[in-house]
Peer 1: 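Structure incoming, see below.
The figures here come from the full heavy-atom set of this structure, side chains too, leaving out hydrogens, waters and symmetry mates. Just so it is clear, the model here is predicted, and its values are computed rather than measured.
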Amino acid sequence: MQRFKAALSAGNGVHLRRFVRHCRGVCSLPDAALTPADNLDHQVLVEGKAWSRTAVLNRPAVLNAFTTAMGVRLQKLYKSWEDDPDIGFIVMKGSGKAFCAGGDIVSLYHMINKGKIDDCKDFFRACYTFIYLLGTCLKPHVAILNGITMGGGAGVSIPGTFRIATDKTVFATPETLIGFHTDAGASFYLSHLPGHLGEFLALTGDRLNGSEMVASGLATHYLHSSRLPLIEEELGKIVTDDPSVVEASLDKHGEVIYPDETSVLQRIELLDKCFSHDTVEEIIDAVECEAGRTKDAWCISTLKRLKEVSPLSLKVSLRSIREGRFQTLDQCLVREYRMSLQGITKQISNDFCEGVRARVVEKDFAPKWDPPSVEHVSKDMVDQYFSPLSEFEPDLELPTDLREAFTQS
């Protein structure tokens with residue numbers, strides 16, 4: 001915590017770039033018709049350089065929302081590149097104004113309502129398996145997070161070696177707003193952020209900008225978006241598979257920047273005081289108490305958000321983050337896969353479909369959560385959310401025998 005606080009002080013010279021070395025999700029997406037770019041391989045383009053390859057997420061009309069086809073193609077590409085001795089490192093970026101706004105929740109919504117649950121399972125398997133491949137990739141990886149980076153967009157980038165944030169970066173894990181849980185590896189990387197920042201981000205879905213991503217460790221470098229062509233050109237010329245050489249190039253162009261006075265990171269002690277409690281009810285009470293006592297705008301807005309998101313999502317997300325703190329990446333992904341299947345099959349609640357309907361499809365922004373309040377969310381409901389759908393439902397199978405999982409350093 002002392003190291004984190006030091007990074008917030010502009011005069012101390014400390015630049016916290018790598019607090020987290022390795023570290024789907026959801027967002028509001030337009031319900032757009034499929035475009036020609038949705039034709040399988042065109043969803044992920046490839047740029048070849050001298051000693052590297054760049055994967056370009058290419059669904060700009062829907063903010064590069066992640067699909068099953070993207071997950072499958074990325075797996076094939078990354079396995080091929082990792083085995084190719086003439087490729088030293090890998091870069092990932094997004095097309096248009098977003099890096100990746102998360103999983104294609106509109107498509108998931110329609111698949112669920114058509115009873116195509118197996119197709120939904122294919123999506124989560126493809127997404128989570130790629131995240132594991134990225135997190136255990138033996139070659140240096142650079143993700144250029146220019147623009148919206150939310151939910152699964154963070155999931156398919158943060159486990160890599162380097163993450164470049166810019167002045168246009170907007171990070172969030174907004175799953176509780178649409179009745180889901182913080183997935184795509186978020187229970188791993190959020191749980192290892194300074195203090196209880198991870199709990200705050202998971203429960204509220206609040207946003208961070210580029211400087212805040214760097215200060216918290218979610219990003220390793222900061223660069224103004226106008227200078228991205230320069231760093232991409234330089235990376236294209238590097239002949240190396242040494243992460244320290246890639247890092248040196250990023251360091252040379254990277255900028256030192258600090259969160260401003262309005263940043264949530266400037267309130268980390270108050271945040272920790274409220275979000276360190278054991279239960280959602282205690283967290284809400286603590287925030288409500290501070291809001292009443294101080295009339296602080298941040299406390300008031302945080303309390304409002306906690307009371308408008310899915311109560312069930314609050315409880316399962318809090319438990320997920322707390323469990324993730326003591327698990328490896330693969331263990332988190334396997335557990336999140338179970339949770340995602342529970343979230344889409346309506347055995348416990350219809351909150352996911354209701355949340356997507358209210359915020360993205362019909363856009364009345366008036367979801368009817370079931371249960372309607374945290375007091376009505378029972379322990380049995382939360383426990384079931386963490387259980388397999390049935391004794392015959394297979395767990396997510398990850399290649400852990402071939403690729404060693406890591407724990408947070």
Side-chain angles (χ1 to χ4, degrees), residues 1-17 19-20 23 27-28 97-99 101 145-151 153-154 158 163-177 182 186 189-190 193-226 254-277 283-284 286-309 321:
M1 283 301 296
Q2 292 303 318
R3 188 181 177 201
F4 170 66
K5 292 174 183 176
L8 300 180
S9 173
N12 60 20
V14 176
H15 186 214
L16 183 58
R17 292 183 292 102
F19 186 89
V20 179
C23 307
C27 65
S28 294
K97 63 181 180 181
F99 171 72
L145 311 179
N146 189 41
I148 295 171
T149 305
M150 295 186 182
I158 288 178
R163 288 89 59 196
I164 302 174
T166 75
D167 55 299
K168 295 182 179 179
T169 303
V170 181
F171 166 88
T173 51
E175 289 82 3
T176 59
L177 278 73
T182 41
Y189 67 79
L190 288 182
L193 295 183
H196 295 276
L197 178 62
E199 283 94 331
F200 167 76
L201 294 173
L203 299 188
T204 66
D206 205 14
R207 299 180 176 190
L208 297 182
N209 61 29
S211 65
E212 291 170 322
M213 286 191 73
V214 174
S216 64
L218 287 167
T220 58
H221 296 79
Y222 181 91
L223 196 68
H224 194 276
S225 56
S226 63
E255 305 168 31
V256 177
I257 189 168
Y258 303 96
D260 61 31
E261 294 181 356
T262 64
S263 170
V264 64
L265 302 185
Q266 303 291 358
R267 303 169 180 270
I268 195 67
E269 292 184 356
L270 176 58
L271 184 154
D272 282 349
K273 179 181 178 182
C274 295
F275 284 83
S276 61
H277 289 285
I283 289 172
I284 293 176
V287 176
E288 191 162 26
C289 179
E290 290 295 329
R293 183 179 66 85
T294 65
K295 310 300 181 186
D296 179 78
W298 177 82
C299 292
I300 294 171
S301 65
T302 299
L303 180 62
K304 181 176 182 293
R305 177 62 63 89
L306 289 171
K307 290 188 174 182
E308 70 183 14
V309 302
I321 297 297

Peer 1: Is the shortest heavy-atom distance from the side chain of Leu265 to the side chain of Ser211 under 4.5 Å?
Peer 2: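 No, every pair of side-chain atoms sits at 4.5 Å or beyond.
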Peer 1: Answer yes or no: is there a donor N or O on one side and an acceptor on the other, between the side chain of Thr176 and the main chain of Leu203, under 3.5 Å?
Peer 2: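 Yes; judged by distance alone, with no hydrogens or angles, the pair exists.
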Peer 1: Quick one about Thr182 and Glu175 (side-chain donor to acceptor, distance below 3.5 Å, no hydrogens or angles considered), yes or no?
Peer 2: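 There is no such pair (donor and acceptor under 3.5 Å, judged by atom type) between the side chains of Glu175 and Thr182.
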Peer 1: Hydrogens and angles aside, do Asn146 and Thr166 bring a side-chain donor and acceptor to less than 3.5 Å of each other?
Peer 2: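 Asn146 vs Thr166: donor-acceptor pair found between side chains.
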Peer 1: Please enumerate all residues that pass side chain to side chain donor-acceptor pair (under 3.5 Å) together with Asp206, with sequence neighbours excluded.
Peer 2: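 Listed in chain order: nothing, the list is empty.
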Peer 1: Are the side chain of Glu255 and the backbone of His224 linked by a donor-acceptor contact shorter than 3.5 Å?
Peer 2: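 Yes; judged by distance alone, with no hydrogens or angles, the pair exists.
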Peer 1: Partners of Glu199 by side chain to side chain donor-acceptor pair (under 3.5 Å), sequence neighbours excluded?
Peer 2: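 Checked Glu199 against side chain to side chain donor-acceptor pair (under 3.5 Å); matches are His196, Arg322, Arg325.
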Peer 1: Check the orientation of Phe200 and Phe275. Use parallel for under 30°, tilted for 30 to 60°, and perpendicular for over 60°.
Peer 2: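 Phe200 vs Phe275 ring planes: perpendicular.
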Peer 1: So, using side chain to side chain donor-acceptor pair (under 3.5 Å) as the criterion, who are the partners of Arg305 when residues are at least two apart?
Peer 2: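 For Arg305 the side chain to side chain donor-acceptor pair (under 3.5 Å) partners, ignoring immediate neighbours, are Glu308.
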Peer 1: How long is the straight-line distance from CG of Leu201 back to CD1 of Ile321, given to the nearest 0.5 Å?
Peer 2: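 The distance works out to 9.0 Å.
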Peer 1: Please list, chain by chain and in numerical order, all residues satisfying ring-ring contact (aromatic ring centres under 6.0 Å, His included) with Phe171, sequence neighbours excluded.
Peer 2: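 By the ring-ring contact (aromatic ring centres under 6.0 Å, His included) rule, Phe171 matches no residue at all.
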Peer 1: For Asp167, enumerate each residue passing the salt bridge (Lys or Arg N to Asp or Glu O under 4.0 Å) test, keeping only those at least two apart in sequence or located in another chain.
Peer 2: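 Here no residue qualifies.
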Peer 1: List in chain and number order the residues that pass side chain to side chain donor-acceptor pair (under 3.5 Å) with Lys273, two or more places apart in sequence or in another chain; answer none if no residue qualifies.
Peer 2: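 In terms of side chain to side chain donor-acceptor pair (under 3.5 Å), with neighbours along the sequence ignored, Lys273 is linked to Glu290.
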Peer 1: Compare all side-chain heavy atoms of Leu271 with those of Val264 and state whether any distance is below 4.5 angstrom.
Peer 2: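 Result yes, sub-4.5 Å side-chain heavy-atom pair found.
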